[in-house]
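First up is the structure itself, then whatever we jot down about it.
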Amino acid sequence: MTKPTPHALFARPALRPPIAPDLAMHRYRSHTCGALRDSDIGKTVRLSGWCHRIRDHGGVLFIDLRDHYGLTQVVADPDSKAFKLAETLRSEWVVRIDGKVRRRPGGTENPELPTGQVEVYIDEIEILGPAAELPMPVFGEQDYPEEIRLKYRFLDLRRDHLHANIMLRGKVIDSIRRRMKESGFFEFQTPILTASSPEGARDYLVPSRLHPGKFYALPQAPQQFKQLIMIAGFDRYFQIAPCFRDEDARADRSPGEFYQLDLEMSFVTQQDVFDAVEPVIRGVFEEFSNGKPVTPKFPLIPYADALRKYGSDKPDLRNPIVMQDVSEAFRGSGFKIFANILNADPTAQVWAIPAPKGGNRAFCDRMNSWAQGEGQPGLGYIFWREGEESGAGPLAKNIGPERTKQIADQMGLKVGDACFFVAGKPKDFVKFAGPARARIGEELGLIAMDRFEFCWIVDFPMYEWNEEEKKIDFSHNPFSMPNLPVEEFLALDAKDNDKLLSIKAIQYDIVCNGVELSSGAIRNHRPEVMKKAFAIAGYSEDVLETKFGGMLHALSLGAPPHGGIAPGIDRIVMLLAGEENLREVVLFPMNQRAEDLLMGAPSEVTPKQLKELHIRLDLPKK
RNA sequence: GGGGGCGUAGCUCAGUUGGUUAGAGCGCUGCCCUGUCACGGCAGAGGCCGCGGGUUCGAGUCCCGUCGCUCCCGCCA
């Protein structure tokens with residue numbers, strides 16, 4: 001069992017509760033368990049809390065009494081009339097104790113507790129809430145299986161670490177709200193019961209009792225509402241908005257529901273959105289980062305550059321590795337595999353992933369077998385070491401010293417370094433090159449862990465080629481404004497695929513430490529541009545009218561140019577808390593299968609309820 | 001929908017090439033202990049080894065299936 005570390009519980013500021021005069025003591029407490037100090041010595045006090053840890057020495061018995069605010073040691077010995085009762089207490093019983101504050105005997109002070117100079121000698125104990133044997137201990141910081149933690153979430157939340165995370169979440173949200181309001185945003189509440197939207201994720205549906213066969217949907221995001229708020233002329237909207245999506249979970253993606261800092265602004269360019277959002281995000285991170293540095297000015301990285309340099313549209317900029325195209329060093333070289341790939345396809349390239357200080361065979365072979373484990377044929381490499389300054393490894397021998405030097409010069413590599421290579425169509429190998437860059441950075445300890453590195457990813461392509469259906473598709477959000485003058489866009493030839501695929505959308509992501517916090521966009525607020533954009537992707541006007549008629553109509557009655565973004569609250573808190581899993585920063589999370597093990601959701605309902613809703617079940621066999 | 005990992009006491013885990021009565025720590029019950037803060041000591045209770053089938057003289061251990069949890073891919077305004 002790991003030693004419990006003195007953590008945030010003990011550092012939690014001791015909020016001062018109402019202190020009752022001794023003679024008219026409050027029913028449950030005169031002080032919290034984090035309040036008592038030297039200056040309280042001699043006072044008669046009343047504390048209530050949980051028995052965190054009990055140490056019974058026979059003749060003297062210590063209880064660490066815990067509440068939200070902290071920990072106080074209370075003591076009984078056979079001279080106390082409460083001694084017999086004290087001996088029956090067990091872990092996590094809730095008790096009220098009355099007693100006198102006294103200085104701890106010399107040498108027995110506990111410097112790790114703010115209350116560690118004093119203790120309370122018990123006169124009286126009242127058992128307020130006994131506890132049966134615990135399915136998981138509250139004491140200590142040991143890991144327990146998710147299933148037990150979720151089923152007994154209220155116990156898990158008593159533990160210091162989670163308790164502190166949830167408090168951090170509250171403070172972060174407070175700070176975001178304050179900063180947003182100070183920046184001139186107004187908070188609005190949008191409907192939870194709304195209409196099913198055909199785009200994007202699966203909806204959660206809610207049957208209507210009054211309208212047989214019809215359903216509400218929970219919002220995947222308040223996207224259309226916030227645009228309507230702009231059309232209504234409110235100018236600057238925000239909301240800590242609950243969002244519901246019926247999609248499978250990931251460690252950084254809650255199943256079912258999550259929260260976004262949803263915001264939208266009228267009469268703005270992309271840069272205006274950045275100027276509004278960046279100070280809020282930076283401010284929040286600086287406020288809660290515990291001194292970890294935060295990017296002072298978030299760089300703008302075009303989507304294509306992000307893929308080329310980092311192999312990802314959500315690059316972790318704490319990793320200094322930058323990839324480069326080294327196709328020329330391999331074209332027509334003696335390394336036939338790469339030379340043939342380059343020869344066969346004019347769009348094929350070879351990219352280099354530099355690995356500073358990775359210049360030894362053991363490391364390079366380890367990376368190679370990692371690549372094979374990832375389903376790759378391997379990961380070609382060159383490394384440079386003493387005595388083999390012109391490059392070592394089979395690849396170097398194949399292409400010869402001149403080309404090897406060309407690569408070393410281009411990549412700025414020297415003796416002691418290595419370089420890995422991926423070849424093929426960038427579109428295909430980038431899915432492997434990105435993780436390889438991350439892996440190399442991790443293995444070589446190149447990643448500066450103690451910082452928050454932000455960037456904006458910009459210039460997303462509006463369309464992409466759907467190879468399966470042999471047609472043009474929206475690549476991200478169909479409601480983003482194309483980055484072309486309106487007249488020029490309207491005049492586009494819908495068959496000019498090269499031109500269409502080169503169009504950028506005014507759309508952007510904000511990324512921190514390799515985590516995508518949000519997408520946003522300047523919205524397409526011109527119905528005729530929207531119709532054209534959908535026509536290019538092969539949607540008829542009928543379809544658009546059926547699916548988004550209400551929105552189109554609103555846009556046609558005087559819509560301001562507008563745009564926004566919606567950073568994920570859960571992910572922000574996750575980054576600030578240093579957690580890998582969203583469940584650690586959500587009060588009552590569901591498990592991976594979108595079940596609430598504590599409340600037992602989802603659950604069956606009574607036939608009466610179903611009948612009222614005009615629903616008959618058609619369950620899968622078995 | 002697909003792939004990887006895990007499943008042994010209330011909890012965390014160990015369990016050898018298949019071998020006799022499945023262990024430890026925490027927790028629980030009882031006894032002892034007047035300065036601990038992961039208190040200490042003694043004794044005790046507690047097991048469908050996830051479930052089902054198979055191989056074998058013999059299965060916690062090997063094989064097949066299945067269920068559950070988890071991580072990843074697909075999916076994700």
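No experiment lies behind these values; they were computed from the predicted model shown.
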> On RNA chain B, nearest-nucleotide positions of A:Ile54 versus A:Glu87: which is more 5'?
Replying inline: A:Glu87

> Reckon A:Arg104 has a side-chain N or O less than 4.0 Å from the OP1 or OP2 of B:U36?
Replying inline: no

> With sugar-phosphate meaning primed atoms plus P, OP1 and OP2, does A:Leu61 contact a base, only sugar-phosphate, or nothing at under 4.0 Å between heavy atoms?
Replying inline: nothing

> Is B:C11 paired to anything, Watson-Crick or G-U wobble with both distances less than 3.5 Å, and if yes, which nucleotide?
Replying inline: B:G25

>> Under 4.0 Å, heavy atoms only, any strand: does A:Glu595 hit a base, just the sugar-phosphate, or nothing?
In response: sugar-phosphate

> Just by protein heavy atoms under 4.0 Å, how would nucleotides 71-76 of chain B read 5' to 3' in B, S and -?
Replying inline: BSBBBB

>> Can you tell me if A:Arg593 touches the phosphate of B:U70, counting only side-chain N or O atoms and a distance under 4.0 Å to OP1 or OP2?
In response: no

>> From the set B:U70, B:C37, B:C28, return the single nucleotide nearest to any side-chain atom of A:Asn591.
In response: B:U70

> Does A:Asn110 have a side-chain nitrogen or oxygen under 4.0 Å from the phosphate oxygens OP1 or OP2 of B:U36?
Replying inline: no

> Considering only the C1' atoms, how many Å lie between B:U17 and B:A59, rounded to the nearest integer?
Replying inline: 14 Å

>> Need the pair for B:G46. Rule: Watson-Crick or G-U wobble, both distances under 3.5 Å, any strand; none if unpaired.
In response: none

>> Can you tell me the base-pairing partner of B:G1? Count Watson-Crick or G-U wobble geometry only, both distances below 3.5 Å, and say none if there is no partner.
In response: B:C73

> What is the distance from CD1 of A:Ile148 to C1' of B:G68, rounded to the nearest Å?
Replying inline: 13 Å

> B:U34 base stacked by A:His57? Criteria: ring centres under 5.5 Å, plane angle under 30°.
Replying inline: no

> How far does the P atom of B:C32 sit from the matching atom of B:U12, given to the nearest Å?
Replying inline: 33 Å

>> Counting neighbours of NZ on A:Lys151 that are heavy atoms of other residues, nucleotides or ligands and sit closer than 6.0 Å, is the number greater than 12?
In response: no

> With sequence neighbours left out, what residues match A:Pro567 under side-chain contact (heavy atoms from CB on, under 4.5 Å)?
Replying inline: A:Leu261, A:Ile281, A:Ser518, A:Ile565, A:Ile572

>> In whole Å, I'd like the distance from the CD atom of A:Glu133 to the C1' atom of B:C11.
In response: 9 Å

> Partner of B:C6 by Watson-Crick or G-U wobble geometry, both contacts under 3.5 Å, or none?
Replying inline: B:G68

>> Please determine whether any donor N or O and acceptor N or O are separated by less than 3.5 Å between the side chain of A:Gln73 and the base of B:U36.
In response: yes

> For A:Asp596 and B:C69, what is the distance between atoms CG and P respectively, to the nearest whole Å?
Replying inline: 13 Å

>> For A:Gln117, give me all partners under side chain to side chain donor-acceptor pair (under 3.5 Å), at least two apart in sequence or on another chain.
In response: none

> What integer number of Å spans the P atoms of B:C67 and B:G52?
Replying inline: 15 Å

>> So, using side-chain contact (heavy atoms from CB on, under 4.5 Å) as the criterion, who are the partners of A:Ser519 when residues are at least two apart?
In response: A:Asp509, A:Glu516

Distances under 3.5 Å between nitrogen or oxygen atoms of protein and nucleotides 6-8 of chain B:
none

> Pairs in or reaching into residues 242-259 of chain A: which pass side chain to side chain donor-acceptor pair (under 3.5 Å), with residues at least two apart or in two chains?
Replying inline: A:Arg202-A:Glu247

> Does the side chain to side chain donor-acceptor pair (under 3.5 Å) test come out yes or no for A:Asp156 and A:Tyr144, once each step is laid out?
Replying inline: CA-CA 9 Å; A:Asp156 206 18; A:Tyr144 296 96; over 6 Å; no

> Can you tell me how far C1' of B:G35 sits from CD1 of A:Ile63, to the nearest Å?
Replying inline: 15 Å

> What does A:Gln507 touch in the nucleic acid at a heavy-atom separation under 4.0 angstrom: a base, only the sugar-phosphate, or nothing?
Replying inline: nothing

> Closer to the 5' end of RNA chain B via nearest nucleotide, is it A:Arg90 or A:Thr108?
Replying inline: A:Arg90

> To the nearest Å, how far apart are A:Phe139 CZ and B:G27 P?
Replying inline: 9 Å

> Expressed as a whole number of Å, how far does the P atom of B:G44 sit from that of B:G3?
Replying inline: 49 Å

Acceptor/donor pairs from residues 434-442 of chain A side chains to any protein atom, 3.5 angstrom cut, sequence neighbours excluded:
residue: A:Arg437; atom: NE; partner: A:Ile321; partner atom: O; Å: 2.6
residue: A:Arg437; atom: NH2; partner: A:Asp316; partner atom: O; Å: 3.2
residue: A:Arg437; atom: NH2; partner: A:Asn319; partner atom: O; Å: 2.7
residue: A:Arg437; atom: NH2; partner: A:Ile321; partner atom: O; Å: 3.3
residue: A:Arg439; atom: NE; partner: A:Glu443; partner atom: OE2; Å: 3.4
residue: A:Arg439; atom: NH2; partner: A:Glu443; partner atom: OE2; Å: 3.4

>> Say we look at B:G41 and B:G35: how far apart would their P atoms be, to the nearest angstrom?
In response: 16 Å

>> Restricting to non-hydrogen atoms, name the atom on A:Leu218 and the atom on A:Asp203 that form the minimum distance, rounded to 0.1 Å.
In response: O-OD1, 4.0 Å

> Between B:C11 atom P and A:Tyr152 atom OH, what is the distance in whole Å?
Replying inline: 9 Å

> What interatomic distance, in whole Å, is found between C1' of B:G65 and the corresponding atom of B:A22?
Replying inline: 26 Å

> Hey, does the side chain of A:Arg53 come within less than 4.0 Å of B:G27's phosphate (OP1/OP2), counting only N and O?
Replying inline: yes

> If you measure from the P atom in B:A9 to the same atom in B:U61, how many Å do you get, rounded?
Replying inline: 15 Å

> NZ of A:Lys151 versus P of B:U70: gap in Å, rounded?
Replying inline: 14 Å

>> With a 3.5 Å cut-off and heavy atoms only, can you find an N or O donor on one side and an acceptor on the other between the side chain of A:Asp64 and the base of B:C37?
In response: no

> Should A:Arg55 be listed as having a side-chain N or O under 4.0 Å from OP1 or OP2 of B:C39?
Replying inline: yes

> Looking only at heavy atoms, which two atoms of A:Gln220 and A:Phe258 are closest? And how far apart?
Replying inline: O-CZ, 4.5 Å

>> Restricting to side-chain contact (heavy atoms from CB on, under 4.5 Å), what partner residues turn up for A:Cys33, sequence neighbours left out?
In response: A:Leu65, A:Asp67, A:Thr72

> What is the nucleic acid contact for A:Pro105, judged by heavy atoms within less than 4.0 Å: base, sugar-phosphate only, or nothing?
Replying inline: base

> With sequence neighbours left out, what residues match A:Ile148 under side-chain contact (heavy atoms from CB on, under 4.5 Å)?
Replying inline: A:Met136, A:Tyr152

>> For A:Glu109, is there an ion pair with A:Arg103 - N to carboxylate O distance below 4.0 angstrom?
In response: no

> Tell me: CZ of A:Arg102 to P of B:G35, nearest whole Å?
Replying inline: 13 Å

> Expressed as a whole number of Å, how far does the C1' atom of B:G19 sit from that of B:G27?
Replying inline: 33 Å

> Of the non-hydrogen atoms in A:Gly563 and A:Val268, which two are nearest, and what is the gap between them?
Replying inline: N-CG2, 3.9 Å

